[in-house]
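The structure under discussion is supplied below as structure tokens; questions concerning it will follow.
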Amino acid sequence: MSKTKTPQAIRGTQDIFGPDAEAFAFVVETFERVRKLYRFRRVEMPVFEKTEVFSRAIGETTDVVSKEMYSFEDRGQESLTLRPEFTAGIARAFLTNGWQQHAPLKVGTHGPLFRYERPQKGRYRQFHQIDAEIIGAAEPQADVELLAMADQLLKELGIEGVTLHLNTLGDGDSREAWRAALIEYFGAVRDELSEDSQERLEKNPLRILDSKDRRDRKFVADAPKIDAFLSDEATAFFDAVTSGLDAAGVKWTRAESLVRGLDYYRHTAFEFIPDEGSAAADALGSQSTILGGGRYDGLMESLGGAPTPAVGWAAGIERLAMLVGEKGEAAADAIVVVEDDSLMTEGVRTLGKLRAEGFSAEMIASGSPRKRFDKAVKAGARAIVGFSMQDGATNVRIKAEHDMTARIEAVLN
RNA sequence: GCGAUCGUAGCUCAGUUGGUUAGAGCGCCGGUUUGUGGUACCGGAGGUCGCGGGUUCAAAUCCCGUCGGUCGCCCCA
């Protein structure tokens, strides 16, 4: 006789339950409410796409594409990939569904994403994001609206001690010129850089700017600044974004070394980051960004579409949930206690009536009859309806908060 | 991919330099007690000490491997 082994959950996945699940739901519900406030339309996207959707949109050389994707061949020998982010799929949908007709299109969504990474605090292999995008809007006003929405969301979630870090990467030409200057600057001191940054020099020199290594940091301060390479248009665009944010009452701070990891970003780049020493920073460990995004004017072309300006952001639901505090499960409006099994029918009938009247209700009718009422008391419902037998007659007892007693009686009669 | 650390009942943990049948609290189930109520007492179920090797007369305890958790690097939300 061999015992069947219980399969383990896959590494980096979570079974979210109890207070964590409540916090998760609170984040999603708040996002949905704010989304409607800002008139973003809801979209539901596929969880997987052709691999090229991501490899072309995000960039072959990025870590996400080169070593973190869950890719597989389906039965038709097509290479598919579990979405590591939302933006690429939404861009693909915009092109393949003719959503150009709705431009400027504001959409929001949320759901699971997949990245093959080493799990740690606030980082999972299947994780969840909320996501907002404005597609087909070249105006800086779009950036402002998107950021105002993010800012309000965080406020409504009750998250404090978080600041919007804002930067511009300029247009394509500005970005390339800056990149070349950075390679030249850091290349001159190559041997003094950290091993990681020597590698970044080849692959993604912008990344050296936010290296945590002390050996790199002393050079970062004097590195070429993007501002010196911005075209007049790019400067004007960024000015319009910042003055718009001020007008909208969104606090921000300039972060000259803020860059984004994915290739498609242009102009505005931003992250909401907990302030140093804040409770939020402690709660998040080394995962500092809770919401990040930017403008991705070049993305549509990489997918074979017409040039289409767009901005978007995404935020990790798990990370936000860690910051919203304990969310207890709500107590039941009523608990029906059947203290004698012969009264089960009465109990079931009453339970149905209560629920039909909009009371959240559950029944306790198992275990030791004498302990059932105590269980209900412990569960902390707003009202308890007890059915018991006394001298051969049915006895109904209601223990409830003041106004509840009358309301429950009204339902029972 | 790299590094650190941990893995004993459902949960939180104890288990002395390796040495009888591995323990506690909480929770769960049952009984008694109380009786308009979250009481107290008694009893019970529940563990191949993550898994696999090794050392030893003897391993929860030491060694190796592996899987998993946690935290950090990288990367990112």
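Within every chain, numbering begins at 1; the chains are lettered A, B, ... in the order of the sequence lines, protein sequences first and strands thereafter.
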What nucleic acid atoms does A/Arg200 come within less than 4.0 Å of, heavy atoms only: base, sugar-phosphate, or nothing?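 Result for A/Arg200 = sugar-phosphate.
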
Under 4.5 Å between any side-chain heavy atoms of A/Phe31 and A/Leu320, yes or no?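 When only atoms from C-beta onward are counted, A/Leu320 and A/Phe31 do not touch, as no gap falls below 4.5 Å.
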
Selection from B/G37, B/C76, B/G69 that lies nearest to any side-chain heavy atom of A/Arg207: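 Ranking B/G37, B/C76, B/G69 by closest atom to the A/Arg207 side chain puts B/C76 first.
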
Starting at the 5' end of RNA chain B and moving along, which residue's nearest nucleotide shows up first, A/Lys399 or A/Ala315?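 It is A/Lys399 whose nearest nucleotide is closer to the 5' end.
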
Checking side-chain polar atoms at under 3.5 Å, does A/Thr289 have a donor or acceptor matched by the opposite partner on A/Glu271?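 Yes, a side-chain donor-acceptor pair sits under 3.5 Å.
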
Considering heavy-atom distances to RNA chain B, does A/Asp213 or A/Gly122 have its closest nucleotide positioned more toward the 5' end?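 In this pair, the answer is A/Asp213.
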
Nearest-neighbour nucleotide for the A/Glu68 side chain, B/C73, B/G38, B/C75 considered: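 Within the option list, the nearest is B/C75.
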
Could you tell me the Watson-Crick or G-U partner of B/A4, where both distances fall under 3.5 Å? Say none if there is no partner.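 The answer is B/U70, by the H-bond criterion.
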
Grab the NZ-P distance between A/Lys378 and B/G38 for me, whole Å please.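 Whole-Å distance recorded here is 10 Å.
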
Between A/Thr289 and B/A77, is there a side-chain N or O to OP1/OP2 distance below 4.0 Å?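 Checking B/A77 against A/Thr289, no side-chain N or O comes under 4.0 Å of OP1 or OP2.
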
Heavy atoms only, 4.0 Å cut-off, all strands: where does A/Tyr124 land among base, sugar-phosphate and nothing?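 It contacts base atoms.
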
Under 4.0 Å between a side-chain N or O of A/Lys375 and OP1 or OP2 of B/C28?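 Result: no.
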
Can you tell me if the side-chain N/O atoms of A/Lys121 get under 4.0 Å from OP1 or OP2 in B/C76?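 For B/C76, OP1/OP2 do not have a side-chain N/O of A/Lys121 under 4.0 Å.
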
Check the distance between B/C76's C1' and A/Ile290's CD1 and give it to me in whole angstrom.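 In whole Å, B/C76 C1' and A/Ile290 CD1 are 14 Å from each other.
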
Touch check for A/Gly380, heavy atoms < 4.0 angstrom, all strands: base, sugar-phosphate only, or nothing?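 It contacts nothing in the nucleic acid.
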
Look at all strands and tell whether A/Gly367 reaches a base, only sugar-phosphate, or nothing, counting heavy atoms closer than 4.0 Å.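 Counting heavy atoms under 4.0 Å across all strands, the contact made by A/Gly367 is with sugar-phosphate only.
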
May I ask you to verify if any side-chain N or O of A/Ser368 is less than 4.0 angstrom from the OP1 or OP2 atom of B/G31?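 Answer is yes, contact under 4.0 Å.
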
Atom OH of residue position A/Tyr116 - does it have more than 12 heavy atoms of other residues, nucleotides or ligands inside 6.0 Å?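 12 or below, so no.
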
Test log, rule side chain to side chain contact (heavy atoms under 4.5 Å, CB included), inputs A/Leu164 and A/Phe270: CA-CA 7 Å; A/Leu164 166 58; A/Phe270 54 84; 3.6 Å; yes

For B/C51, which nucleotide is its Watson-Crick or G-U wobble mate, given both distances must be under 3.5 Å?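 Because both required distances fall under 3.5 Å, B/C51 counts as paired with B/G65.
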
We want to know whether A/Ser286 and A/Gln120 form a side-chain donor-acceptor pair, criterion being a heavy-atom distance below 3.5 angstrom.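 Short answer, yes.
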
Do A/Glu117 and A/Arg11 meet the salt-bridge criterion of a basic N to acidic O distance under 4.0 Å?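 No salt bridge links A/Arg11 with A/Glu117.
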
Closest nucleotide among B/G68, B/C73, B/U39 to the A/Arg11 side chain: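 Out of B/G68, B/C73, B/U39, the nucleotide with an atom closest to A/Arg11's side chain is B/G68.
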
Under 3.5 Å donor-acceptor pair, A/Arg319 side-chain atoms to B/C76 base atoms: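 Such a pair is found, so the answer is yes.
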
Can you find an N or O donor on one side and an acceptor on the other, under 3.5 Å apart, linking the side chain of A/Arg370 with the base of B/G35?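 A donor-acceptor contact between them is present.
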
Closer than 4.0 Å, any side-chain N/O of A/Gln120 to the OP1 or OP2 of B/G72?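 Yes, such a contact exists.
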
Compare side-chain N and O positions of A/Ser286 against OP1 and OP2 of B/C71 and report whether any pair is under 4.0 Å apart.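 No, A/Ser286 has no side-chain N/O under 4.0 Å of OP1/OP2 on B/C71.
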
Look at all strands and tell whether A/Glu271 reaches a base, only sugar-phosphate, or nothing, counting heavy atoms closer than 4.0 Å.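 Since no nucleic acid heavy atom lies under 4.0 Å of A/Glu271, the category is nothing.
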
Could a donor-acceptor pair under 3.5 angstrom be found where the side chain of A/Lys212 meets the base of B/G72?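 For A/Lys212, whose side chain was compared with the base of B/G72, there is no donor-acceptor pair (under 3.5 Å).
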
Under-4.0 Å side-chain N/O to phosphate OP1/OP2 contact, A/Arg115 with B/C75: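 No, no such contact exists.
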
